[in-house]
Number of protein chains: 2
Amino acid sequence: MNIGEIAKRAGVSRSTVSYALSGKRPVSAATAQRINDVIDELGYRPNASARALAEGRTRTFGLVIPPASTRLTDVQLAFVASVVEAAAVHDHDVLLSPSGGDHDRSFERIVTGRRVDGVILMEILLQDPRVERLTSAGLPFVTIGHVEDPAASWWVDVDYAGLISRCVRHLADLGHSDVVLINRSDELVAAGYGPALRATTAFAGTARECGITAHTVCCPDDPAAGVACFEEIRTRWPEVTAAVTINEAALPGVQRALHRAGLDVPQDFSLTGVIADRLAEDFHPPLTAADVPAGDMARLAVDLLLEQIGDPSATPRHSMLAPPITLRSSTGARRRA
Amino acid sequence: MNIGEIAKRAGVSRSTVSYALSGKRPVSAATAQRINDVIDELGYRPNASARALAEGRTRTFGLVIPPASTRLTDVQLAFVASVVEAAAVHDHDVLLSPSGGDHDRSFERIVTGRRVDGVILMEILLQDPRVERLTSAGLPFVTIGHVEDPAASWWVDVDYAGLISRCVRHLADLGHSDVVLINRSDELVAAGYGPALRATTAFAGTARECGITAHTVCCPDDPAAGVACFEEIRTRWPEVTAAVTINEAALPGVQRALHRAGLDVPQDFSLTGVIADRLAEDFHPPLTAADVPAGDMARLAVDLLLEQIGDPSATPRHSMLAPPITLRSSTGARRRA
DNA sequence: TTGTAGGCGTTATCAC
DNA sequence: GTGATAACGCCTACAA
C-alpha cells in the first residue's frame, strides 16, 4: 500500500496526503481528519526508501564499531546502546558497521551508498584511514576520540590526560612514591590510539612534577592478561604501591592477582583510574575512579552529528568531557610511609 | 553522481551500465571494460535508496536488541557483533532497534517503513507482542529463543532443558544430593522468558528423577545480586553443595560470595551451568559448563532469515543448538558424602 | 485550500 | 549486444 492508495480512499490527491503528513502546507481540518482516518484504518506508513530517495536524506546514522575480534568491552557496548537510544530520540535509526579485518566492503557500502546521513566513528586512531575516507567522501561524521589536528573535525572525547593527572596527584598526596600505569594493549598504543598515548604522557609528566617514580605497562584487554600484567609489575618493581589504569577489561584479572599476592586494597595497594562507574562499583572494594560517561558521549555525538548534517559547512565543534573522579574505597595512604 | 553520468561518459545507455554491474544480461567485453574504467575513475557506487525502491528489497536486516535499561550481558554483546559479521558476509547491513521502554516508534519505523527485508529478534518471550506485530506485518523474522508453538515460526535456540538436565545428572553422579538453580530475574520469569522457564522445569524434573533435592532462586542480572543471592542460598539451605546457573551477569558476585564464605571450589562447593566459554574460562577455577555459542547462533539466524526472505511461504525451520558441556575444574565429588 | 506533474536513481521490460 | 522507457513511492515546486 502506498500514498496513492490513501489518497484515493480519502478522495484527495497524493500531494495532499503528503502535506497532511509532513505539515509543510496547511490542510483543512476536514480533509486532514479524513486522511488520518484512512491512514489509521490501513496502518499506512511511508516507504523509507522512497522518502530517502526523494528527500536526499535517510534519517539514518552509521555507527562504526571496533572489530569484533577484539572483544567489545562493557563501555563500548553501553556506548552502542546509548547511541541507538539517542538517535531514536530524534527519530533516526542506526546502521551498524564493523571495521577492521575484511569488513571494508561494509564500510564502503555505508560511506558511498548514501545509506546514511552521517557517521559516528568509535575507537579512533590519531591517524585514521577511515577519517580520511569519510572526509574525501564528504560525509558528515563525528569521532569518539580526536585525531591529530583537533580543529579539523567534529569529535567527542574524554580528557584522559587531565583525569590521569588528577589520579597521580591523588596518589602522590596519599604518600605513594612508586606508581604504575596499566595501559591498554601494545598494539593499540603502536597503532596510535589517542587515549592510551595521552594517558602515558600525562602519567609520566605528572609523576615527574610530583617527584615520584612512574612505570608504565601495556596490557591486552582481557582478564588473563590482567593477572599476568600485575604479576610482572610485582616482579619488576616490588616497591610499587599504587596503580592507575584505563584498562577496564583487565580489571578482573588485576583483582585476582591482588588477591593471589595476598595484597589488601587499599591497605597494601591503591588502585584508581578511568573506569566505568558500573565496573568501579562492582570492584572489591569499590574503586576511586573517573567514570567513562558513555551515555553523555553518545548524546553529544548525536547532537554534533545532527548539527553538522544541518550545516555541513559549519566550522567543526567538539566536546571534551572531564567527568569527576569519584572517591570510593580503593585508594589509601601508603603503608609505612 | 549517478548511473546516468557513468553511462554518458562511457558512451552507453543507463541500462547497459546497470546490467554491467549486476551481470543479469551479457555485456560485450569492450563496453564492460569502458564502463568499469569510468566507474573506477569516478568512484561510483549505486545509491542504496534508489536501488531498494526499484528492487523492493533493502539488503538490510533489523536487529531488535533487549532494552538498554537491563544492561546487555557479554553474550548479548557478542551476539550483536556476530550478527553484523554474519550479515556482512552476505553483503547485508544491520539496523539496530532498541525495544521495550518507549522505543515503540523505533520498532514501528523498522517494521512498517520497509526499511529492512527481515528482522532478528533477541530475547524473545513465550508470548511476545513483537512477534505478533511482525507476523501481522508479514515481515520475515527469526527469533532467538522460541515462542509457545515451536512450529509456528523460524527460530534458533539453545537446548537449555537438555543442558540443565545434563548438569544436574553430572552433579548427582558426583554424589551431590542438595542442589540449587540460580536462575535469571523474577521479572524475566514472570514475563515468560523461555530459557528461564525451561531451565526451571528441567532442573526440577531431572533432580526428581535422580532422587536429589532441588531448590530454585531467581537473581537479577548483576554482580551485587549474585552476592545477595548466594548468601540467601547459604542461609536458607545450608545443606546445598552445588549450584547450576544460567545467569552469567551474576557470576562475579557468586564468585565473591563463595570466597567470602570461605568455600573452596570444587572442594567445598560445585558450580556449573550454561555460561559463555570466555566467562567460564575467566572464572576461578574455570567452570565446567556449556557454552552459549553466540557466533553459531548469529550465523544460523542470518541463514534462516535469508532462506525465509527467499521464500516467504516456506514452512518455518529452526535450529536447536545443544553445545557440549566442557569439563573444567569447578565440579567435584561431594565432600563427606 | 487543493491538484498536477516532474524528479530523485535504479531496475527491468520491451523493442531493436 | 544495446537503447528507450516505464515502474518503484515519495516530495515539492508550480498552478489553479
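Keep in mind that the numbers below use all heavy atoms, side chains included, and drop hydrogens, waters and symmetry copies. No experiment lies behind these values; they were computed from the predicted model shown. Order of the sequence lines sets the chain letters (A, B, ...), proteins ahead of strands, with each chain counted from 1.
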Charged N-O contact under 4.0 Å between B/R299 and B/E85 = no
Nucleic acid contacts of residues 4-12 of chain B, taken as heavy-atom distances under 4.0 Å to DNA chain D = B/G11, B/V12
Could you state the atom-to-atom distance from CD1 of B/I3 to P of D/dA4 in whole Å?
-> 14 Å
A/R59/A/D93 salt bridge by N-O under 4.0 Å criterion = no
Sorted by number, residues from residues 14-28 of chain A placing a heavy atom under 4.0 Å from DNA chain D are A/R14, A/S15, A/S18, A/Y19, A/K24, A/R25
If each end axis of the helix from C/dT1-D/dA16 to C/dC16-D/dG1 is fitted on five C1' pair positions, the angle between them, to 10 degrees, is 40°
Under the side chain to side chain donor-acceptor pair (under 3.5 Å) rule, collect the residues that match up with B/N2, sequence neighbours excluded.
-> none
Measure the shortest side-chain to side-chain distance between A/P26 and A/Y19 over non-hydrogen atoms and say whether it is less than 4.5 angstrom.
-> no
Partners passing side chain to side chain donor-acceptor pair (under 3.5 Å) against B/T112 (at least two apart in sequence or in another chain) = none
Determine whether the side chains of B/S18 and B/S15 contain a donor N or O and an acceptor N or O closer than 3.5 Å.
-> no
Residues B/R317, B/E307; criterion salt bridge (Lys or Arg N to Asp or Glu O under 4.0 Å); working and verdict = CA-CA 9 Å; B/R317 297 206 313 121; B/E307 186 180 333; 2.8 Å; yes
With a cut-off of 6.0 Å (strictly less than), are more than 12 heavy atoms of other residues, nucleotides or ligands near CZ of A/R114?
-> no
Hey, which of these two, B/A54 or B/A29, hits DNA chain D nearer its 5' end, going by closest nucleotide?
-> B/A29
Among residues 33-51 of chain A, which residues get a heavy atom nearer than 4.0 Å to DNA chain C?
-> none
Any donor-acceptor pair under 3.5 Å linking the side chain of B/D117 with the backbone of B/R57?
-> no
Could you state the CZ-C1' distance from A/R57 to C/dG9, rounded to the nearest angstrom?
-> 19 Å
Under 3.5 Å, is there a donor-acceptor pair between the side chain of B/W155 and the main chain of B/S319?
-> no
Nearest-Å distance for atom pair CZ/P, residues A/R59 and D/dC10 | 13 Å
Heavy-atom check, side chain of B/I3 versus side chain of B/P46, under 4.5 Å = no
Integer-rounded Å distance: D/dG9 P and A/E55 CD | 17 Å
Does the pair B/R34/B/D37 count as a salt bridge with the N-to-O cut at 4.0 Å?
-> no
Spacing of A/L53 atom CG relative to C/dC8 atom P, expressed in whole Å | 9 Å
Could you tell me whether the side chains of A/R109 and A/S97 share a donor-acceptor contact shorter than 3.5 Å?
-> no
